[in-house]
Every structure is written in structure tokens, then in C-alpha cells.
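These notes are about the structure you will find just below.
Chain identifiers are assigned alphabetically (A, B, ...) following the order of the sequence lines, protein sequences preceding nucleic acid strands; residue numbering begins at 1 within each chain.
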Amino acid sequence: MARHLITSAIPYINGIKHLGNLVGSQLPADLFARYQRARGNEVMFLCSTDEHGTPAEIAAAKAGKPVAEYCAEMHAVQAEIADGFRLSFDHFGRSSSPENHALTQHFAGRLADQGLIREVSETQMYSNADGRFLPDRYIEGTCPNCGFDSARGDQCDNCTKQLDPVDLINPYSTISGSSDLEMRETKHLYLCQSQMKDQLEAWIDSKTDWPILTTSIAKKWLNDGDGLQDRGITRDLNWGIPVKKGDADWPGMEGKVFYVWFDAPIEYIACAQEWVNAGKGDNWERWWRTDKGADDVTYTQFMGKDNVPFHTLSFPSTILGSGEPWKLVDYIKSFNYLNYDGGQFSTSRGRGVFMDQALEILPADYWRWWLLSHAPESSDAEFTWENFQASVNKDLADVLGNFVSRITKFCRSKFGEVVPEGGTWGNAEQAVIDEMTTRIRAYETHMQAIEVRKAASELRAIWVIGNEYLQSAAPWSTFKENPEQAAAQVRLALNLIRIYAVLSGPFIPDAKATLLAAMHCDDDSWPDDVTAALNMLPVGHTFSVPDVLFRKITDDEREEWQTRFAGTRD
RNA sequence: GGGCCUGUAGCUCAACGGUUAGAGCAGAGCGCUCAUAACGCUUUGGUUGGGGGUUCAAAUCCCUCCGGGCCUACCA
């Protein structure tokens with residue numbers, strides 16, 4: 001039995017994520033986790049909220065709450081929404097957990113011991129009114145290049161020139177609006193990634209099967225300009241993990257915290273510790289320590305393309321640089337962006353559909369199916385309501401849902417709600433078995449390779465087989481001359497429902513549960529042998545005709561939603 | 001500015017130097033009547049963004065131009 005460690009990029013805490021965020025990491029990770037479980041493999045699927053950093057502090061202040069309280073509330077909100085989308089995390093942790101505090105400090109201490117941490121004195125913009133150092137993008141002013149009056153400190157949105165906050169004319173804090181800013185000297189720790197460059201490059205070069213999106217971004221960072229740069233891993237903030245060298249204080253670093261991008265990936269590991277401490281398991285090291293049982297683990301990460309540098313370079317630097325036998329990632333699946341109706345999803349402008357809103361209008365399976373079958377794998381993809389309506393109605397309602405409906409209702413009217421007896425299978429049925437077998441093997445190949453869209457396409461083709469069979473077998477005609485033969489045909493079709501439930505589970509878990517319940521069956525074993533799987537529901541086995549599995553989206557609904565989500569949120 | 005990705009049928013996408021570039025949706029025709037006005041079969045539709053080159057052979061490799069997008073290290 002293979003063992004799969006699976007992590008999704010951890011969503012930032014300040015607010016509810018949109019569908020683009022969902023399809024880029026959590027959802028495909030869930031698909032893969034569910035698939036591996038369905039194949040009988042052992043899975044540890046972890047995700048958390050990423051809770052530190054300036055945006056969290058500001059969002060909390062805006063909400064008028066202490067940041068710890070704000071994060072606790074938002075974590076609960078995100079956990080509930082994740083549950084609503086049926087994201088099957090083994091644990092949904094928090095980067096602010098005590099476990100992550102200790103582990104992050106441990107890693108920093110190890111890296112310092114290995115000579116991979118250096119101190120750097122630098123000057124940064126400090127806002128007296130806000131009482132804090134401000135990241136570049138929280139300072140705005142007039143662009144010295146084009147005169148645009150709300151250019152950000154890192155880049156001018158108007159002329160795209162990259163800026164330094166000190167270049168801005170009349171700079172002010174975007175938080176308070178205050179222009180009482182000054183450059184202050186501050187000391188920070190840098191992770192010496194540059195020392196790891198050759199090791200990282202050899203490692204990346206060995207990953208020939210990774211998505212090109214992943215390796216091209218990694219190589220760009222490795223070789224751009226002067227090569228891989230050392231990276232600051234501390235910040236002057238209140239909310240975060242205090243800078244310590246293991247258990248010991250770090251002289252000169254009092255009052256500082258680790259940078260979120262240092263502690264966030266470490267949370268992948270700490271999350272497994274949280275899983276143990278939550279009473280869900282008793283051994284996290286067999287997933288994460290190659291000296292303690294993790295040597296046979298396959299570790300797969302999922303993320304949007306913006307996260308790739310941190311997962312291909314920074315986090316591996318932390319892992320490798322520690323000199324300890326931590327499990328390194330085996331495969332990094334990265335995604336492009338999902339756009340919304342001709343533009344970008346925008347959290348700040350409230351443009352597009354957010355996870356909570358999506359669940360208000362339709363159940364999870366609708367979204368899961370559309371998002372996964374249109375996952376932005378090879379390039380950015382686009383959500384439009386027309387496409388959503390057409391795909392969902394055709395694939396889920398017509399092809400799958402109606403198949404279930406037509407055969408269960410036919411059986412009920414002729415034989416009752418029971419798998420009928422009589423007749424035998426012949427060439428037509430063998431042809432179904434052969435095609436099912438071919439397509440199921442192809443589906444498995446795509447799922448194993450995490451080719452999400454291809455897997456969805458193959459699954460749909462498998463659903464179609466049922467309709468093709470009914471059309472050619474025509475049990476409604478057979479029944480008039482040879483009821484026993486019709487019974488054999490119905491028997492096969494009813495058994496297809498159970499197979500469809502099992503195969504579809506990773507994409508549409510609620511439908512899987514509904515179908516198995518309707519078939520009065522709790523055996524969800526994978527159809528390794530299609531002939532055997534088609535005999536799973538024996539003669540005399542009862543079932544209940546299910547309610548409409550997927551109702552259709554009407555034109556009126558589509559238009560209403562189109563209007564509702566065009567502008568801004570709330 | 002630099003780098004990377006991308007452009008294939010009306011739409012969403014396959015095809016990774018090798019038959020006549022394929023699917024789904026949409027359109028057209030036929031069939032079926034079990035079913036959620038559902039299903040099945042057949043079919044229309046492409047100068048593979050433009051141009052040039054390499055090759056026995058190019059959607060695929062090279063050059064160039066045009067369009068879309070992303071990244072560029074202090075948002076996370």
C-alpha cells in the first residue's frame with residue numbers, strides 16, 4: 001500500500017477566498033487525496049490557514065479586534081467553508097499554533113548552527129502614526145517617473161516602473177494616511193539561500209516530470225540576475241512567531257518575528273503535529289522524518305503559480321539546510337490563474353464568486369465538477385456563467401444524473417426496486433465491460449499523473465457508456481418479447497451506477513454518497529476488475545430510486561447571478 | 001527592460017517531428033420513447049495568429065512580427 005503525503009498551499013487568513021484560489025490548490029489537492037484513498041492507499045492530507053503578517057494585523061484592526069481573536073474567528077469560518085466544499089483534510093491547522101512556533105524556532109536554530117543565517121542591517125520605512133514599519137506596498141505617493149499620484153512603494157500601477165518607497169514624492173501610509181514617515185535602521189536575519197543554489201539546481205534538474213510551470217519558475221529564480229538571492233526571514237511586527245534560536249533567545253532580535261514565508265511552509269510539518277495533538281493520530285514523524293518511517297512516503301504539493309518560488313527554493317532550503325532527515329517534496333503540481341468573466345477575480349474589489357457565496361447558490365458538487373474539469377493547468381482559464389451553466393447541465397444533469405434516473409425508474413416500473421433475476425450477458429455486455437476497462441485504466445493513469453482535466457474528460461466518457469448501452473440494448477423493447485433478457489440488461493445498468501459512484505467520488509463526493517445510499521450499498525471498492533464490479537449488486541438486492549441527482553441551472557438563475565456577481569461584494 | 005507561458009473549429013480544450021489535426025459543447029439531420037424537453041447515431045465546421053526558414057515530413061523545431069497572460073525577490 002502506497003503512502004501519500006499531500007499538502008495544499010495554505011490560504012491566507014484575511015477573508016474568504018474566491019474560486020480562483022480554490023481551484024489552484026485546495027480543490028485539486030482534495031481530488032488527489034480522495035483518489036488515493038479510493039485506491040486503498042494511505043493518505044495524510046494537510047492544510048492550514050496562514051495567519052501571520054501585516055495584512056492580518058491590518059484586517060484585525062479594521063475589524064476592531066485583537067489579531068489573535070480575529071484569526072481564530074477567520075480560521076473557524078474558513079474551516080466551515082472548506083467543509084462545505086467537502087475538502088477532506090485530515091487536519092486543517094493554523095500557522096499560529098504552538099506546534100508551529102516551536103518548530104519554526106527549531107528550524108531557525110538549526111539553520112544558524114549550519115551557518116546559513118546571517119544578520120543584515122538595513123533601513124526601512126517607519127510610520128510614526130501607525131507605530132510600525134510598513135512593507136513597501138503599504139506606502140503610496142506620487143510616482144517620480146510618471147507623476148501618478150497613488151503609486152505604491154514597490155511598483156507604480158500606472159507606469160509599471162519598479163520603485164523604492166524612498167523614491168516616492170509625498171509618501172504616506174495607506175493604513176493611516178499619515179505622511180509622518182521616516183527611514184529607520186533595523187536588523188534582520190537572512191537565510192543564505194545562495195549557498196544552497198547548486199544543490200537546489202541539481203535537485204530541480206532531476207525533476208523532469210514536473211509541470212513546466214513549476215520548473216521554469218524555479219529556474220528563473222535560480223539563474224536570474226546574480227542568481228538565487230538570500231532572503232530576509234524576519235520582520236518588525238507584533239503578530240508572528242518570535243525570533244528565537246530553538247529554545248534560546250536570539251540576542252539583538254528582541255521584539256521581532258519570523259517572516260510569514262519562513263513559517264508558513266513549516267506549518268505543513270507542524271500541522272501533522274497538530275493532527276496528533278488533536279487526537280486524530282499518534283505518529284506524525286512517520287510522515288515527515290525519513291529516519292522514522294517516511295522514507296516510503298510520496299509527498300505531493302499543490303499550489304498556484306505565485307507560490308512556486310517558495311516551495312521550490314525557500315522551503316527546500318530550510319529543509320535541506322537543517323541537515324536533518326526531513327521529507328522533501330517529490331512532486332509539485334502548480335496551477336495558473338482562473339479569471340472571471342473577462343477579467344481577474346479580485347479579493348480587494350470583490351469581483352467574482354467567493355467560496356461562501358458559491359455555496360449559497362449551489363451545492364459543492366456543481367462547483368467541484370466545473371472547476372476541476374476546467375482547471376487552469378496549461379494556461380490561465382476563464383469562468384463564465386454561460387460555460388458553467390452549459391457544462392454543469394450537460395455533464396452532471398443530462399449525462400450522469402439522467403442515466404441514473406432513467407434506469408432506476410425503468411426498473412421500478414417493470415421489476416420493482418430490486419435487481420431483477422434472469423437472462424444472461426452476451427457480446428453487447430462484454431463490449432461494455434471491455435470499454436469500461438479501457439477507460440477506467442486511462443482514468444487511473446490521468447489521476448495518478450494529476451492530469452485533472454484529462455481525468456474529468458475520461459470520467460465523463462465513462463458516464464456516456466451507460467447511455468450508449470441503454471440506447472443499443474433498449475430494455476424497454478426487449479422487455480416486450482423477452483423480459484428475462486431485459487432483466488439482465490437492467491442488472492448491468494444498475495451495477496454501473498455503483499461503479500459510477502465510486503469512480504466519481506473524487507470529483508463529486510456528495511453524489512457518490514447519494515448514489516451509494518440509493519443503491520443500498522456501502523461497498524465503495526474500486527473496480528479493478530470490471531466484470532466482478534458489475535456483479536456487486538446481486539439478484540434480489542434492493543434499491544431506492546433517488547431524487548433528481550443534479551437539477552439544471554435555468555437561464556433566469558444564470559442571468560441573476562451574472563448581475564449579482566458583476567460588481568462588488570456586499 | 002528581462003524571462004517564462006500562451007494563441008488549434010463559433011466556445012472549452014486534445015494532439016509532446018510521423019496516416020486525412022481530434023473530442024465535448026453549440027449548429028444541422030435522423031433515430032429512440034426508459035428518463036431531468038433527457039439519450040443515441042450521423043453530420044457541417046480549421047490556410048493550427050501572420051510571415052519566413054530547417055526537414056523526406058512541422059500545430060509541434062528555429063527566426064521574426066502581432067495578440068493574450070504571468071513573474072521580476074518587502075503582499076501573501
So what does [X] touch, heavy atoms closer than 4.0 Å: a base, only the sugar-phosphate, or nothing?
X: A:F310; value: base
X: A:Q229; value: base
X: A:P135; value: base
X: A:G15; value: nothing
X: A:D306; value: base
X: A:V308; value: nothing
X: A:K220; value: base
X: A:V548; value: base
X: A:L549; value: base
X: A:D398; value: sugar-phosphate
X: A:E386; value: nothing
X: A:F403; value: nothing
X: A:E51; value: nothing

inquiry  = Treating A:R453 as the side-chain partner and A:A375 as the backbone partner, does any N or O pair qualify as donor plus acceptor under 3.5 Å?
reply    =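 Yes, the answer is positive, given that a donor and an acceptor are paired below the 3.5 Å cut-off.
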request  = Keeping the roles fixed (side chain from A:H75, backbone from A:S48), state whether a donor-acceptor pair exists under 3.5 Å.
outcome  =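 A pair under 3.5 Å: no.
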Where do N or O atoms of nucleotides 21-27 of chain B meet protein N or O atoms at under 3.5 Å, pair by pair?
unit_1, atom_1, unit_2, atom_2, d
B:rG24, O3', A:R460, NH2, 3.4

key: Side-chain donor-acceptor pair present, A:Q124, A:T186, cut-off under 3.5 Å   =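 Side chains of A:Q124 and A:T186: no pair found under 3.5 Å.
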ask   = Can you find a side-chain donor-acceptor pair between A:R558 and A:Q389 that sits under 3.5 Å?
value =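 Result is yes, a qualifying pair exists.
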task = Counting heavy atoms from C-beta on, name the nucleotide in B:rA73, B:rA76, B:rA35 closest to the side chain of A:S405.
result =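 My answer, after comparing the listed nucleotides, is B:rA35.
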task = Measure from the side-chain heavy atoms of A:P55 and tell me the nearest of B:rC75, B:rA38, B:rC74.
result =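 Of the candidates, B:rC75 comes closest.
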With [atom1] as the reference atom in both, quote the distance from [N] to [M] in angstrom, rounded to an integer.
N: B:rA21; M: B:rU60; atom1: P; value: 14 Å
N: B:rU42; M: B:rC25; atom1: P; value: 13 Å
N: B:rG52; M: B:rG69; atom1: C1'; value: 26 Å

Ring-face cation contact, A:Y337 with A:K305, 6.0 Å cut, 45° max =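 Here A:K305 passes the 6.0 Å and 45° test against A:Y337.
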message = Reading RNA chain B from 5' onward, which residue's closest nucleotide shows up sooner: A:L470 or A:T54?
response =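 By nearest-heavy-atom nucleotide position, the 5'-most residue is A:L470.
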request  = Assign each of A:I10 and A:W221 to its nearest nucleotide of RNA chain B by heavy atoms, then name whichever residue's nucleotide is nearer the 5' end.
outcome  =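 Looking at RNA chain B, the more 5' nearest nucleotide goes with A:W221.
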ask   = Can you say whether the rings of A:F410 and A:F415 are parallel (under 30°), tilted (30 to 60°) or perpendicular (over 60°)?
value =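 Geometry flag for A:F415 against A:F410: perpendicular rings.
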inquiry  = Please verify the inter-ring angle class for A:F315 with A:Y268; under 30° counts as parallel, over 60° as perpendicular, anything in between as tilted.
reply    =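 Correct class here is perpendicular.
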Polar atoms only, N or O, under 3.5 Å: list the protein pairs with nucleotides 30-32 of chain B and their distances.
unit_1, atom_1, unit_2, atom_2, d
B:rG31, N2, A:Q471, NE2, 3.0
B:rC32, O2', A:W476, NE1, 3.4

Show me the protein contacts with nucleotides 12-14 of chain B, counting only N or O atoms at under 3.5 Å.
unit_1, atom_1, unit_2, atom_2, d
B:rC13, O3', A:R453, NH2, 3.2
B:rA14, OP1, A:S378, OG, 3.0
B:rA14, OP1, A:R453, NH2, 2.3

ask   = If every non-hydrogen atom of A:Y12 is compared with every non-hydrogen atom of A:T54, which pair is closest and at what distance?
value =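 So the minimum-distance heavy-atom pair works out to OH-N, 4.4 Å.
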ask   = Considering the options A:F388, A:F550, A:F507, which one meets the ring pair (Phe, Tyr, Trp, His ring centres under 6.0 Å) requirement together with A:Y366?
value =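 Output: one option passes, namely A:F550.
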